[in-house]
Amino acid sequence: MTERADGERGKTMRQLVLCDEEAAVAEVIPLHEDVAEPRPARGMRRTGWLLITCGLALLPWLYVLATGLPATATATHWPVAWVGLDALEALGLITTGLLATRGDHRHALTAAATATLLVVDAWFDTTTATQGTDFATALTMALTAELPLATLCGHLALRTLNRRT
């Protein structure tokens, strides 16, 4: 078996070279041909189209929310919402760390979910904070903790997924 650089694509292609001793002619048979990406299974395609449809259906709803929601609101369970969000972030960071230290590739899943939670937390902290000290604190937390951790988790998830493909 030999290797050669493929000029068009700059890749190394493994080949099987058969040599006919009588004719001294080598025949090159590629062991791996560039093939088109396999089509997703029918169920996966249906799921994809369902998600696209739901996402498009939400677009008019955004207008309804933007024009119909009051400028202020009172939430009876405000502390429960924030404590719950931060508890999920802590659980995500701990789980991702434990899985990563064990070399378990499933840490990519928890890292992606945790990154999402951290970005959502930064968004809502800064957009719901009142002017002054509350906003400065929210912005500081977003820029020094939540968004850097989200970036780290996102990078970890993408790096792991890219290695496995």
Side-chain angles (χ1 to χ4, degrees), residues 1-6 8-16 30-62 64-66 69 73 75-129 134-165:
M1 184 159 37
T2 63
E3 293 185 7
R4 73 171 175 88
D6 189 50
E8 290 179 25
R9 293 180 211 92
K11 296 180 186 174
T12 300
M13 177 189 263
R14 294 189 186 275
Q15 298 175 334
L16 178 64
L31 294 178
H32 180 273
E33 298 270 337
D34 285 334
V35 293
E37 288 288 320
R39 259 185 94 151
R42 191 166 145 201
M44 185 60 72
R45 287 194 311 270
R46 283 185 180 169
T47 301
W49 282 111
L50 174 66
L51 292 173
I52 291 168
T53 302
C54 290
L56 291 172
L58 277 174
L59 295 179
W61 180 244
L62 295 176
V64 171
L65 289 176
L69 284 175
T76 9
H77 302 291
W78 190 252
V80 174
W82 287 108
V83 170
L85 178 59
D86 286 352
L88 287 171
E89 291 170 7
L91 180 64
L93 290 167
I94 292 166
T95 304
T96 300
L98 286 171
L99 290 171
T101 58
R102 293 178 183 165
D104 189 329
H105 294 290
R106 291 176 293 177
H107 73 269
L109 299 171
T110 58
T114 304
T116 303
L117 288 170
L118 289 162
V119 169
V120 167
D121 191 5
W123 173 263
F124 282 106
D125 279 346
T126 55
T127 59
T128 61
D134 286 343
F135 181 75
T137 302
L139 190 60
T140 301
M141 286 295 293
L143 295 175
T144 62
E146 295 157 346
L147 295 177
L149 280 171
T151 302
L152 176 64
C153 287
H155 173 73
L156 184 61
L158 289 174
R159 188 183 77 184
T160 303
L161 291 174
N162 284 337
R163 280 188 188 164
R164 305 218 12 111
T165 55

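Counting begins at 1 with the first residue of the sequence. Quick caveat: nothing in here was measured; it's all calculated off a predicted structure.
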- [ ] Applying side chain to side chain contact (heavy atoms under 4.5 Å, CB included), run through Cys153 and Leu93 and close with a yes or a no.
- [x] CA-CA 8 Å; Cys153 287; Leu93 290 167; 4.0 Å; yes
Task: For Phe135, the option from Thr140, Thr127, Asp125, Thr126 that meets side chain to side chain contact (heavy atoms under 4.5 Å, CB included) - done: Thr126
- [ ] Compare every heavy atom of Glu89 with every heavy atom of Leu117, then report the nearest pair and how far apart it is.
- [x] O-OE2, 3.4 Å
Task: Distance, nearest 0.5 Å, that separates OG1 of Thr96 from CG of Leu91 - done: 9.0 Å
- [ ] Measure the OG1-CG distance between Thr95 and Asp104 for me, rounded to the nearest 0.5 Å.
- [x] 11.0 Å
- [ ] Please confirm whether the backbone N or O of Leu152 pairs with a side-chain atom of His155, one donor and one acceptor, at under 3.5 Å?
- [x] no
Open item on the list: Just to verify, which of Ile52, Leu58, Thr53 counts as forming a side chain to side chain contact (heavy atoms under 4.5 Å, CB included) with Leu56?
Closed with: Ile52
- [ ] Could you pull out the closest heavy-atom pair between Ala150 and Ala115, with the gap in Å?
- [x] O-CB, 3.4 Å
Open item on the list: If you compare all heavy atoms of Asp121 against all heavy atoms of Glu146, which two are closest, and at what distance to 0.1 Å?
Closed with: OD2-OE2, 3.2 Å
Task: Closest non-hydrogen atom pair, Ala111 against Ala157 - done: CB-CB, 4.0 Å
Task: CG-CG distance between Leu139 and Asp134, expressed to the nearest 0.5 angstrom - done: 12.5 Å
Task: Smallest separation among heavy atoms of Thr128 and Trp82, with atom names - done: OG1-CZ2, 3.8 Å
Open item on the list: How close do Pro148 and Ala145 get, counting heavy atoms only, and between which atoms?
Closed with: CD-O, 3.4 Å
- [ ] Starting at OG1 of Thr151, measure out to CG of Leu156 and round the result to the nearest 0.5 Å.
- [x] 12.5 Å
Open item on the list: If I take atom CG from residue Leu99 and atom CD1 from residue Ile94, how far apart are they, to the nearest 0.5 angstrom?
Closed with: 12.0 Å
Open item on the list: Taking CZ in Arg45 as the centre, count heavy atoms belonging to other residues, nucleotides or ligands within less than 6.0 Å. Is the count above 12?
Closed with: yes
